[in-house]
Amino acid sequence: MKELLYVLAIIALVVVMVMRQARPRRIGGDARRSFVFPIVMVVLGVREGHLVDADHAGVSVALLAAELLVGVLMGVGWAVTSKVWREQDGSVWSRGTKATAGVWLAGFAGRMGIMGLGALVGIHQSYGALLITLGISFALRSLLLMHRAGALPSGAGASYGGAVAGRAWKDRV
């Protein structure tokens, strides 16, 4: 029952974060809010424990390190492939692109490969490592997007990572 709860929590957190990336979102304001979900994920992952299989400590640590590397690469990939632009009112916005979806798929494939390798070797794997990896990915993405937003020129309509944005989605609703 506990594992089912973790699976549902992971799915819910990932769905919320993916939905946030797929829609245009304003960058700025209270920066701490961008890190709430990632911190929750990391705390839940650490709380889950069993990050290293005692029977296969060396290989288990190597797989954990590989997962963390995948998480860092996913976070950087999401941030780099997201479009960031400044609206005429000076607000900065971001939105994931098709390339961002590709990074998602590549990260998922990498994670499944690591899990498969661990299963072949007989390593007990918990959901904690996945939560920590996703938390790190989301936090790094938020941090890099905030950095990119700060690097934008202050001119109206300036864009970074794509063509100059037209009217914002909020103006069309």
Side-chain angles (χ1 to χ4, degrees), residues 1-23 25 27-84 94-150 161:
M1 185 64 152
K2 181 180 175 184
E3 287 188 15
L4 179 61
L5 182 62
Y6 270 106
V7 169
L8 293 176
I10 290 169
I11 291 171
L13 288 171
V14 169
V15 166
V16 167
M17 295 304 287
V18 169
M19 287 175 51
R20 290 176 67 187
Q21 290 180 20
R23 294 184 181 149
R25 289 192 46 87
I27 298 175
D30 189 5
R32 294 175 292 184
R33 288 185 55 186
S34 298
F35 296 100
V36 170
F37 279 129
I39 290 171
V40 167
M41 293 174 121
V42 170
V43 168
L44 287 175
V46 170
R47 186 169 177 238
E48 168 68 18
H50 308 293
L51 298 174
V52 177
D53 187 348
D55 295 333
H56 306 92
V59 177
S60 183
V61 167
L63 288 177
L64 180 61
E67 284 188 50
L68 295 175
L69 179 62
V70 167
V72 167
L73 292 174
M74 285 174 64
V76 170
W78 293 337
V80 169
T81 59
S82 293
K83 182 177 179 180
V84 178
S94 75
R95 180 182 62 223
T97 62
K98 290 178 183 177
T100 308
V103 171
W104 262 102
L105 292 174
F108 179 75
R111 171 69 177 124
M112 292 299 109
I114 292 168
M115 285 178 61
L117 183 61
L120 284 175
V121 179
I123 294 176
H124 170 72
Q125 299 175 16
S126 72
Y127 296 105
L130 175 60
L131 283 170
I132 292 169
T133 300
L134 288 172
I136 288 170
S137 297
F138 290 130
L140 188 56
R141 177 190 178 271
S142 294
L143 183 67
L144 291 173
L145 283 178
M146 285 183 212
H147 174 71
R148 286 179 62 194

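Taking Ser60 as the reference, nothing meets the side chain to side chain donor-acceptor pair (under 3.5 Å) condition, with sequence neighbours excluded.
The heavy-atom pair separating Val84 from Ser94 by the smallest distance is CG2-CB, 4.1 Å. Closest approach of Leu64 to Ala129, counting heavy atoms only: CD1-CB, 3.7 Å. Listed here is the closest heavy atom pair of Ala149 and Ile27: CB-CG2, 3.7 Å.
Remark: Met74 CE to Thr100 OG1 distance equals 11.5 Å, nearest 0.5 Å. For the atom pair Leu73 CG and Leu140 CG, the distance stands at 9.5 Å (nearest 0.5 Å). Atoms OG and CG, on Ser137 and Leu68 in that order, are 9.0 Å from each other to the nearest 0.5 Å. Expressed to the nearest 0.5 Å, how far CE of Met41 lies from CD1 of Ile136 amounts to 11.5 Å. Summarising the geometry, atom CG belonging to Leu131 is positioned 10.0 Å from atom CG belonging to Leu51; distances are rounded to the nearest 0.5 Å.
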Cut-off 3.5 Å, no hydrogens considered: what does the side-chain donor-acceptor table look like for residues 109-121, sequence neighbours left out?
{"from": "Arg111", "atom 1": "NH1", "to": "Glu67", "atom 2": "OE1", "distance (Å)": "3.0"}
{"from": "Arg111", "atom 1": "NH1", "to": "Glu67", "atom 2": "OE2", "distance (Å)": "3.0"}

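Looking only at side-chain heavy atoms (C-beta outward), Arg141 and Ser82 come within less than 4.5 Å of each other.
Judged purely by atom type and a 3.5 angstrom limit, Thr133 has no side-chain atom pairing as donor or acceptor with the backbone of Gly71.
Sorted by first and then second residue, the pairs that involve residues 44-83 and meet ring pair (Phe, Tyr, Trp, His ring centres under 6.0 Å), not counting sequence neighbours, are Trp78-Trp104, Trp78-Phe138.
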